Novice: 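I am attaching a structure below and will ask some questions about it afterwards.
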Number of protein chains: 2
Amino acid sequence: MDTMTIGQLARSANVSVETVRYYERRRLLPEPPRSPSGYRKYPGDSLRRLRFIRRAQDVGFTLAEIEELLALRTGTASQCREAESTAARAIERVDERMAELSRMKTALASLLDSCRNRSPAGDCPIIEALEDAEAVDEEE
Amino acid sequence: MDTMTIGQLARSANVSVETVRYYERRRLLPEPPRSPSGYRKYPGDSLRRLRFIRRAQDVGFTLAEIEELLALRTGTASQCREAESTAARAIERVDERMAELSRMKTALASLLDSCRNRSPAGDCPIIEALEDAEAVDEEE
DNA sequence: ATAAACCCTGTACCATGGTACGGAGTCAAG
DNA sequence: CTTGACTCCGTACCATGGTACAGGGTTTAT
């Protein structure tokens, strides 16, 4: 038998048992057959699927997107288009988030900078800047 | 009377009434005095404080950090050190997150790239890559 | 005087990706 | 045969930063 229990599967993929069950609830993993006593018995390729999910998460797909990708795995050309556009959307999200972080970093760095160069006797420039700043307020 | 109702305050700071009450629960805003009928009556400087909170959020401080910053507003030099280190921590968080996003973007871009250059008859390279890739797996 | 617009409290809910717990049944080793 | 490790299910809970009721009371304008 090349079947595994949920614990073996979870350990192999480096996730918790709870996580495996959670993915099943989310329909990312199909319901596996059960033993007579009701234990889940996973066929070998469940591990491949579980790893697929984790890798996709690592590159920043959400679980909802992974669900889409999994639905496409039968593999015709038009389905590849869909995977492509899912990936493109993920890249856009990443870009937006990076731009936002970059703005934040600029604002923070200038706060910190003013702090390091401050006149030794004045009030804290970080707090002052947040109190009156328009300087920081170019968002949205 | 230079006091405002919660609605006036919220509108001035461009947040919702619920948000103001939420900040009060979180102790970011002090409990204001009440009118005889129990309405909150905010003194003018509540608006300054509320704007402080929003600006700090805009530059990426969490509400917990903002609580710290607010606690420091009395303003001695050593407290400035603390504000400085709060800001430095925030910058570190931003940097980490940017590096992570950058890794994600590289991985996604290579997936997308393989898709655009794929042999016209093969399976979807995105899905294949997620299925066998070690390429993607250099995280953590 | 009545309706609209405002305020009050308390509680539940949203998304996201899980984690924790209780109470029970099952399986393997000694 | 018993102990410990494993599994089952269902439900509640975590963080984060709020939002959305429900079911009242108040203020303001007409």
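Atom set for the values below is all heavy atoms of this structure, side chains included, hydrogens, waters and symmetry mates excluded. Note that this is a predicted model, so its numbers are computed, not measured. Letters go in sequence order (proteins before strands), and every chain restarts at 1.
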Novice: In this structure, how many angstroms lie between the P atom of D/dA15 and the CG atom of B/Leu63, rounded?
Specialist: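 Roughly 14 Å, once rounded to whole Å.
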Novice: Rounded off to whole Å, could you give me the CZ-to-C1' distance for the A/Arg26 and C/dT16 pair?
Specialist: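 About 8 Å, once rounded to whole Å.
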Novice: From CG of A/Leu29 over to P of C/dG17, roughly how many Å is that when rounded to an integer?
Specialist: 15 Å
Novice: Is there a side-chain contact between A/Asp45 and A/Arg49 (heavy atoms, below 4.5 Å)?
Specialist: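 Not in contact.
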Novice: Test of understanding: with side chain to side chain contact (heavy atoms under 4.5 Å, CB included), list the residues that count as partners of A/Ser46, not counting sequence neighbours.
Specialist: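 Partners of A/Ser46 by the side chain to side chain contact (heavy atoms under 4.5 Å, CB included) criterion, ordered by chain and then number, come out as A/Leu9, A/Tyr42, A/Pro43.
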Novice: State which of C/dC7, C/dG18, D/dG17 makes the closest approach to the side chain of B/Ile6.
Specialist: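 Given the options C/dC7, C/dG18, D/dG17, the side chain of B/Ile6 is closest to C/dC7.
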Novice: Are side-chain heavy atoms of A/Glu92 and A/Asp95 found at a separation under 4.5 Å?
Specialist: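 A/Glu92 does not reach A/Asp95 side chain to side chain.
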Novice: For a side-chain contact (heavy atoms from CB on, under 4.5 Å) check, start with the C-alpha distance between B/Arg40 and B/Arg34, then their side-chain angles and the critical distance, and finish with the verdict.
Specialist: CA-CA 5 Å; B/Arg40 290 172 180 82; B/Arg34 301 292 182 114; 3.5 Å; yes
Novice: Side-chain heavy atoms nearer than 4.5 Å, only ILVMFWY residues, links allowed to pass through others: does that put B/Val15 and B/Leu47 together?
Specialist: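 They do share one cluster, since a chain of ILVMFWY contacts under 4.5 Å joins B/Val15 to B/Leu47.
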Novice: Take a 6.0 Å sphere around CZ of A/Arg27 and say whether it holds more than 12 heavy atoms from other residues, nucleotides or ligands.
Specialist: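 Result for CZ/A/Arg27: open.
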Novice: Give a yes/no on whether any side-chain N or O of A/Ser16 is located under 4.0 angstrom from OP1 or OP2 of C/dG18.
Specialist: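 No.
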Novice: In whole angstrom, give the distance that lies between atom NZ of A/Lys41 and atom P of C/dC27.
Specialist: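 Rounding to the nearest Å, NZ of A/Lys41 and P of C/dC27 are 10 Å apart.
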Novice: For residues 17-24 of chain A, which residues have at least one heavy atom under 4.0 Å from DNA chain C?
Specialist: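 The stretch gives A/Glu18, A/Thr19, A/Tyr22, A/Tyr23 as the residues lying under 4.0 Å from the strand, ordered by number.
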Novice: Of all of residues 30-40 of chain B, which get a heavy atom below 4.0 angstrom from DNA chain D, listed by number?
Specialist: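 Of all residues in residues 30-40 of chain B, the ones placing a heavy atom under 4.0 Å from DNA chain D are B/Ser37, B/Tyr39.
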Novice: Rounded to the Å, how far apart are A/Glu65 CD and C/dA15 C1'?
Specialist: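 Those two atoms, CD and C1', are 15 Å apart.
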Novice: Work out which heavy atom in A/Ala13 is nearest to a heavy atom in A/Leu50; give both atom names and the distance.
Specialist: CB-CD2, 3.5 Å
Novice: Just N and O in the side chain of A/Thr5: are any of them under 4.0 Å from OP1 or OP2 of D/dC6?
Specialist: no
Novice: Just the rounded figure in Å: distance from P of C/dG18 to CZ of A/Arg27.
Specialist: 18 Å
Novice: Whole angstrom is fine here: how far is it from CG in A/Asp58 over to P in C/dG17?
Specialist: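 It works out to 13 Å between those atoms.
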Novice: Distance check needed: D/dG18 C1' versus B/Ile53 CD1, whole Å only.
Specialist: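 It is 14 Å, rounded to the nearest whole Å.
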Novice: Are B/Ile91 and B/Met98 connected into the same hydrophobic cluster when the rule is that any two of I, L, V, M, F, W, Y join if their side-chain heavy atoms are below 4.5 Å apart?
Specialist: yes
Novice: Given side chains that start at C-beta, do those of B/Arg54 and B/Thr19 come closer than 4.5 Å, heavy atoms only?
Specialist: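 With C-beta onward as the side chain, the pair touches.
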Novice: OP1 or OP2 of C/dG18 sitting under 4.0 Å from any side-chain N/O of A/Gln57?
Specialist: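 Result: yes.
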